[in-house]
Amino acid sequence: MTALDPALVTDWFAAHARDLPWRRPGFSAWGTLVSEFMLQQTQVARVVPILEDWLRRWPTPADLAAAPPAEVLRAWGRLGYPRRALALHACATAIAERHGNRVPEDVDELLALPGIGDYTARAIAVFAHGHRHPVVDTNVRRVVARAVQGVAQPAAPNARRDLPAMEALLPDDRAAQRAFNAGMMEIGAVVCTARAPRCDECPLGAVCAWRLAGYPPPDAPPARRKPRFEGSDRQLRGRVMAELRASDVPVGETELVAVVPDPGVRARILAGLERDGLAARDDDGWSLPS
DNA sequence: AACACGGGGTA
DNA sequence: TACCCAGTGTT
């Protein structure tokens, strides 16, 4: 394992970083938190417009905490995984009530908040507050696997290994570590992509262990069949949620039959949404939670 | 360790 | 049409 010169990453990032809202000077810690929640599951291009509307409407955690969940779910729209909108709302409530309406700086305090795990806690500590931590997402794991370890694909995610591996590469300097974390993610997102890496554009091209080794192929993945999306409960949940978002009044059984014809499946979908706090039933039908 | 969880994009 | 993307929480 050759040491990686951090300047290769930070210099490239300074010259090639995409212009994104959360990279603007003065972008708030709260804005960074909201952006990280949205980016957990959704591509940059889909997040940007929703994020900007969201922050105009709810500029601080207390503003979001005061909003009814139904409005939060409508604003989340088609970003996907609507449970995360609820987690963000709960997170805002906790910050407003227990942290004086200020986004915590400490990783352990962040990890204790709803919807924040290993990645998001460190991303906020680093990008919102400038603290020094390894930030490891799937892009970083792929870049480290290739450039440092010389293998095509990273092993299964494991914080016990992944965090020390990134820590070992991280520069000490406060500004440089921030640019290094952001730069490694950016390289993974736009250059060292999973399927068709653009090695001729890569700032690590001259030192990449995988490239230098002649691009050894990945180990054969264990045969494992993936669930199809078409017709899945996931797809049906999404369609029911779209109906609820679109309606000002409770949605009755008749309309839901058109979305999920099978009575057993329909009952299962609605029970799941109710259990997750995404839908509520009253005498007139189903609504978003008030 | 495996699964559940949306929705859109690419080959 | 088939496959890919990706972090958190639960089991």
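In what follows, chains are A, B, ... by sequence order, proteins preceding strands, each numbered from 1.
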What is the distance, rounded to the nearest whole Å, between atom CE of A:M38 and atom P of C:dA6?
-> 18 Å

B:dG6 to C:dT11 separation - P atoms, rounded to the nearest Å = 16 Å

Base, backbone or nothing for each nucleotide of nucleotides 6-11 of chain B, written B, S, -, heavy atoms under 4.0 angstrom, 5' to 3'?
-> BBS---

With sequence neighbours excluded, tell me which residues meet side-chain contact (heavy atoms from CB on, under 4.5 Å) with A:A128.
-> A:A29, A:T32, A:I124

Step through the shown structure and confirm whether more than 12 heavy atoms of other residues, nucleotides or ligands are within 6.0 Å of CZ on A:R57.
-> yes

Rounding to the closest angstrom, what is the interatomic distance between C:dT8 and B:dG8 at atom P?
-> 23 Å

Give a yes or no on whether the backbone of A:D19 and the side-chain of A:R24 come within a donor-acceptor separation of less than 3.5 Å.
-> no

For A:W12, which residues count as a side-chain hydrogen bond (donor to acceptor under 3.5 Å, both in side chains) partner, sequence neighbours excluded?
-> A:H16

Is there any side chain to side chain donor-acceptor pair (under 3.5 Å) pair reaching into residues 170-187 of chain A, and which pairs are they, with sequence neighbours excluded?
-> A:R18-A:E186, A:R23-A:E186, A:Q177-A:N181

Who passes ring-ring contact (aromatic ring centres under 6.0 Å, His included) against A:W54, sequence neighbours left out?
-> A:W58, A:W76

Note: with side-chain heavy atoms under 4.5 Å as the link, the other cluster members for A:V107 come out as A:L111

Rounded to whole angstrom, note down the P distance from C:dA6 over to B:dA11.
-> 14 Å

Indicate, with a heavy-atom threshold strictly under 4.0 Å, whether A:A194 touches base, sugar-phosphate, or nothing.
-> sugar-phosphate

Value in whole Å for how far the P atom of C:dT8 lies from CG of A:L86 | 17 Å

Whole-Å gap separating C1' (C:dC4) and CD (A:Q153) = 12 Å

Atom-to-atom span, CD of A:E36 to C1' of C:dT8 - whole angstrom = 14 Å

Nearest whole angstrom, please: distance from the P of C:dA6 to the CE of A:M185.
-> 12 Å

Pairing residues for A:W286 by the ring-ring contact (aromatic ring centres under 6.0 Å, His included) criterion, not counting sequence neighbours = none

What pairs of nitrogen or oxygen atoms, one from the protein and one from nucleotides 9-11 of chain C, lie under 3.5 Å apart?
{"unit_1": "C:dG9", "atom_1": "OP1", "unit_2": "A:G115", "atom_2": "N", "d": "2.6"}

Could you pull out all residues at least two apart from A:D53 that satisfy side-chain contact (heavy atoms from CB on, under 4.5 Å)?
-> A:R56

